[in-house]
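Encoded as structure tokens, the structure appears first; notes follow it.
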Amino acid sequence: MLLSMLILTVLFATCTAAAQDTPRDAIELYFQAHAFGNGDYIQRAFASDARIQFVENGEPRQWTREEFAQRFHGPAEDEHRRLRRVERLDITGNSASAVLTLDYPQVLFSDHVSLLKINNQWKIVNKVFSADHRDAAQEDIKDTLENRSLPFEPRKVIGSVYYVGTNLISSFLIVTPAGHILLDTGHIQMLPQVEANIEKLGFKPKDVKIVLNSHAHFDHCGGFAEFKLLTGATIVASRLDGELMTRGGKGDFANGDDFPYEPIKPDRLIADGERVELGGVSLTAHLTPGHTKGCTSWSMRVNENGRSYDVLFLCGLTVSPFKLTNNDKYPNIVEDVRSTLVRLRGMHADVLLAAHGFWFDLEGKAARQKKGGPNPFIDSAELGRHLTEMEKDFEEALQAQERQR
């Protein structure tokens, strides 16, 4: 028994020492204090005489290590939405400095910390921080409505595919002799623009028979319920995103309840590899999770000027703003993203389209299209370039975030 206790004591001491072999290890202890709401981690991460300095009401203030540790009272309910990142870490000999971001829904903390290697362990000796109190959800909604929902001239993309969305939020119309297919409506405020764009191209919204979903965020399917009432169209979505749509966007792993919309239950739940067919047109569903759990990309073949082209409607690959580690609401997000990237690498697309215009340079291609010449939307190398860019963004975000525990 005594021997076992001695072994455990040695192992604990070894692990404790190993936990602060590098400046990043001390920072991780600090992150764990926030994650678990436990001031004991502050005692381990900070030197005994460390000072935490900030400005309040225009006046300088500071806490001791003990005063700071006493501010932690258990994990936050929205921990799955709290991001902690190392933005920069500079090490010179036995001293280091770091810039950290603690990005929480209601406040953004920016920390500048100094570290020293004391008795062979790295400790934080000083922290200077600022706190920007904000409502991130309202800021995002305002940006969506004011900057991403501007009128955009509808146009033929290729074959039977038309763009009927706004400047930065996509909506695609696929025309068939038996009626039409619409991929995403945008948010509810955007719906009148989509309907007007469809009519401007010489088609009728009431002739839309099927509405497909890329993913169940408010800016892509917030108008589904209203459009269903207007047209009676069949709503098609993946199972997991269909569940989110049925909840009206509430309970999202990344956004919580911040971006609700009128709930809509899909008429058909689509599985990976299944097809949706209408009037001789066939679209295949490809589950590409990460941006949402049921994110769905769609592919089809079109004909133009006697040639066939592969078109891919990409759901979305942006995950860097999300909590990628220690996320109990989506614990396998990293595995899903990597699997999605590998899968898409094996696909071919002559034409890459996506749920947001900036993911496929909509404005630039529209400007070139206006000048005439070869169709600028045809670019078989674009998918590969986009995947390389998004993979880099993902890996950098993962590396910067707190470590998996």
Side-chain angles (χ1 to χ4, degrees), residues 152-165 170-184 197-198 201-203 207-215 233-234 236 238 268 270-288 295-317 340-357 359-390:
F152 195 82
E153 189 70 21
R155 66 196 57 249
K156 178 178 179 178
V157 175
I158 189 170
S160 59
V161 179
Y162 296 80
Y163 186 82
V164 293
S170 298
S171 180
F172 298 98
L173 184 72
I174 297 104
V175 175
T176 91
H180 313 316
I181 301 170
L182 187 68
L183 174 53
D184 288 346
N197 284 342
I198 292 172
L201 291 169
F203 307 108
D207 289 334
V208 173
K209 305 300 181 184
I210 299 173
V211 178
L212 306 180
N213 179 233
S214 63
H215 58 285
T234 298
V236 181
S238 69
R268 176 183 172 186
I270 196 80
D272 187 53
E274 283 193 51
R275 294 185 178 184
V276 172
E277 298 180 340
L278 181 69
V281 169
S282 178
L283 288 104
T284 302
H286 307 274
L287 296 189
T288 50
C295 211
T296 308
S297 298
W298 297 87
S299 66
M300 65 179 293
R301 288 185 68 80
V302 301
N303 293 295
E304 184 166 89
N305 299 325
R307 291 189 58 183
S308 293
Y309 297 92
D310 291 318
V311 178
L312 177 65
F313 301 91
L314 186 64
C315 172
L317 298 172
T340 287
L341 289 167
V342 169
R343 182 177 192 190
L344 289 169
R345 283 284 183 192
M347 296 181 66
H348 173 263
D350 297 300
V351 178
L352 176 66
L353 304 174
H356 284 292
W359 285 339
F360 63 103
D361 188 26
L362 171 65
E363 292 187 337
K365 289 174 182 174
R368 295 196 297 275
Q369 187 182 48
K370 190 174 182 180
K371 294 179 180 179
N375 188 338
F377 289 96
I378 300 173
D379 183 352
S380 59
E382 185 171 19
L383 175 59
R385 295 195 304 270
H386 184 66
L387 290 174
T388 297
E389 178 184 349
M390 298 312 296

> Which atoms form the tightest heavy-atom contact between Phe152 and Ala366, and what is the distance?
Replying inline: CZ-CB, 3.7 Å
> Of all residues at least two apart in sequence or in a different chain, which pass the side-chain contact (heavy atoms from CB on, under 4.5 Å) check with Asn303?
Replying inline: Ser308
> Do Ser160 and Ile174 have side-chain heavy atoms sitting under 4.5 Å apart?
Replying inline: yes
> How would you list, by chain and number, every residue that makes a side chain to side chain donor-acceptor pair (under 3.5 Å) with Ser297, sequence neighbours excluded?
Replying inline: Thr288
>> Run His386 and Leu317 through side chain to side chain contact (heavy atoms under 4.5 Å, CB included) and show every step you take.
In response: CA-CA 9 Å; His386 184 66; Leu317 298 172; 4.1 Å; yes
>> Quick check: closest heavy atoms across Leu344 and Leu383, and the distance to 0.1 Å?
In response: O-CD2, 3.8 Å
Please report, to 0.1 Å, the donor-acceptor pairs under 3.5 Å made by any side chain of residues 274-286, with sequence neighbours excluded.
unit_1 : atom_1 : unit_2 : atom_2 : d
Glu274 : OE1    : Arg268 : NH2    : 3.2
Glu274 : OE2    : Ala271 : N      : 3.1
His286 : NE2    : Ser299 : OG     : 2.7

> With sequence neighbours excluded, what pairs up with Phe172 under the ring-ring contact (aromatic ring centres under 6.0 Å, His included) test?
Replying inline: Tyr163, Phe313
>> Under the criterion side chain to side chain contact (heavy atoms under 4.5 Å, CB included), I'd like the reasoning laid out for Ile158 against Phe377: C-alpha separation, chi angles, the key distance, then a yes or no.
In response: CA-CA 8 Å; Ile158 189 170; Phe377 289 96; 5.7 Å; no
> Which value, rounded to the nearest 0.5 Å, describes the distance between Leu173 atom CG and Phe203 atom CZ?
Replying inline: 6.5 Å
>> His215: which residues meet the ring-ring contact (aromatic ring centres under 6.0 Å, His included) condition with it, sequence neighbours left out?
In response: His217, His220, His291
>> Nearest 0.5 angstrom please: Ile181 CD1 to Ile210 CD1, how far?
In response: 4.5 Å
> What residues form a salt bridge (charged side-chain N to carboxylate O under 4.0 Å, His left out) with Asp379, not counting sequence neighbours?
Replying inline: Arg385
>> For a quick test of reading the model, state the closest non-hydrogen atom pair linking Ser170 to Gly357 and the distance between them.
In response: OG-N, 3.8 Å
>> Could you work out, with side-chain contact (heavy atoms from CB on, under 4.5 Å) as the rule, every residue matching Ser171, not counting sequence neighbours?
In response: Val164, Leu182, Met190, Val194
> Under the salt bridge (charged side-chain N to carboxylate O under 4.0 Å, His left out) test, which residues partner Glu389, sequence neighbours left out?
Replying inline: none
> For the side chain of Glu304 and the backbone of Tyr309, is there at least one donor-acceptor N/O pair under 3.5 Å apart?
Replying inline: no
> Got a sec, which residues hit side-chain contact (heavy atoms from CB on, under 4.5 Å) with Asp361, two or more places apart in sequence or on another chain?
Replying inline: Lys365, Arg368
>> Given 3.5 Å as the limit, does a donor-acceptor pair link the side chain of Asn375 with the main chain of Val157, or not?
In response: yes
> Looking at side-chain heavy atoms only, is the closest gap between Trp359 and Leu314 below 4.5 Å?
Replying inline: no
> For Asp184, which residues count as a side chain to side chain donor-acceptor pair (under 3.5 Å) partner, sequence neighbours excluded?
Replying inline: Asn213, Ser214
> Residues two or more places apart in sequence or in another chain: which of them pass side chain to side chain donor-acceptor pair (under 3.5 Å) with Ser380?
Replying inline: none
> Which heavy-atom pair separates Cys295 from Gly316 by the least distance, and what is that distance?
Replying inline: SG-O, 3.9 Å
> Can you tell if the side chain of Val161 reaches within under 4.5 Å of the side chain of Leu353, non-hydrogen atoms only?
Replying inline: yes
>> If the condition is salt bridge (charged side-chain N to carboxylate O under 4.0 Å, His left out), which residues does Asp310 pass it with, not counting sequence neighbours?
In response: Arg301
> When you look at Thr388 and Arg345, which way does the side chain to side chain contact (heavy atoms under 4.5 Å, CB included) test go after all the steps?
Replying inline: CA-CA 9 Å; Thr388 297; Arg345 283 284 183 192; 2.9 Å; yes
